[in-house]
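We count residues from 1, following the sequence as given.
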Amino acid sequence: MDEQRRARQEAVLRRLDRFSRFTDSSLRIPFTRFELGAEALIGLIPGIGDLAGFVLSGYVLVEARRAGASGTTQRRMLRNMLIDFVGGLVPVVGDAFDAIYKANTRNTRLLRAELLRELGREEKKPFPWKTLVGLSLLFGLISALALMAFR
């Protein structure tokens, strides 16, 4: 890989790291290790929040295309975007799912993994199922309390 292309790809990854951090993990929940971002907060807006998050996620896909990501990687990224979008539509559980699925971070990792494979290196991380269940319960409790308070 020539130096100019490598420099462009590194710049793309730096931009995507910042973007993914903002959208997926810019706010830490006090007394926990869990972080959520602007996309999870936007997703709380009924109707348009999840659509806005889907549009924001498109930025990562556009940058991946510019960096020369393979069709397979781009399809995986689109799949992650759709999973995040559809998962976020489910009442209560969807908000928790949206907070932990972190499609932008996943897609940035996919692109990074492809670029690292080109250089002969690789990496991997499992899905946090326990966090999904815990946040679903927490958001369900908060929703129930809010409904009781506003009756």
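No path of Ile, Leu, Val, Met, Phe, Trp and Tyr side chains, each step under 4.5 Å between heavy atoms, connects Leu44 with Val90, placing them in separate hydrophobic clusters. Val55 and Leu41 fall into different hydrophobic clusters, where Ile, Leu, Val, Met, Phe, Trp and Tyr residues are linked whenever their side-chain heavy atoms come under 4.5 Å apart, directly or through other members. Residues Leu138 and Trp129 share a single hydrophobic cluster, defined by chaining ILVMFWY side chains whose heavy atoms lie under 4.5 Å apart. In the hydrophobic clustering of this structure, Val133 does not group with Val93; members are Ile, Leu, Val, Met, Phe, Trp, Tyr whose side-chain heavy atoms approach within less than 4.5 Å, directly or through other members. Residue Ile142 is grouped with residue Ile29 when hydrophobic side chains (ILVMFWY) are merged at heavy-atom distances under 4.5 angstrom, including chains of intermediate members.
The CZ atom of Phe139 sits 11.5 Å away from atom CG of Leu141, with the distance rounded to the nearest 0.5 Å. Annotation: the span from Asp24 atom CG to Asp84 atom CG amounts to 7.5 Å, rounded to 0.5 Å. Distance CD1/Ile42 to CZ/Phe54: 15.0 Å, rounded to 0.5 Å. Rounding to the nearest 0.5 angstrom, the gap separating the CD atom in Glu39 from the OG atom in Ser26 is 11.0 Å. Expressed to the nearest 0.5 Å, how far OG of Ser57 lies from CG of Leu61 amounts to 9.5 Å. Atom CZ of Arg109 sits about 11.5 Å away from atom CG of Asn104, to the nearest 0.5 Å.
A salt bridge links Arg21 with Glu35: the distance from a Lys NZ or Arg NE/NH1/NH2 to an Asp or Glu carboxylate oxygen falls below 4.0 Å.
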| query | Should Ile100 and Phe127 be marked as a side-chain contact (heavy atoms from CB on, under 4.5 Å) after you check the CA-CA gap, both sets of side-chain angles, and the distance that decides it? | reply | CA-CA 9 Å; Ile100 65 166; Phe127 185 79; 4.1 Å; yes
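Side chains of Leu16 and Tyr59 form a contact here, defined as non-hydrogen atoms less than 4.5 Å apart. Using a 4.5 Å heavy-atom threshold, the side chains of Leu36 and Arg28 count as separate. Arg106 is not listed as a side-chain neighbour of Leu110, based on a closest heavy-atom distance of 4.5 Å or more. The shortest distance between side-chain heavy atoms of Gln74 and Leu78 does not fall below 4.5 Å.
Across all their heavy atoms, Ala96 and Ser136 have their closest contact at CB-N, 3.4 Å.
For Tyr101 and Asn80, the side-chain atoms include at least one donor-acceptor pair closer than 3.5 Å. For the residue pair Thr73 / Ser70, a side-chain donor-acceptor distance below 3.5 Å is found, with atom types taken as modelled.
In this structure, Lys102 is not positioned above the aromatic face of Phe97 in the sense of NZ or CZ being under 6.0 Å from the six-membered ring centre and within 45° of the axis.
Put simply, the residue from Leu115, Thr108, Asn107 that forms a side chain to side chain contact (heavy atoms under 4.5 Å, CB included) with Leu111 is Leu115.
When the shell of 6.0 Å around CD1 of Ile48 is examined, it contains 12 or fewer heavy atoms from other residues, nucleotides or ligands. Environment of CZ in Phe22: sparse, with no more than 12 heavy atoms of neighbouring residues, nucleotides or ligands closer than 6.0 Å.
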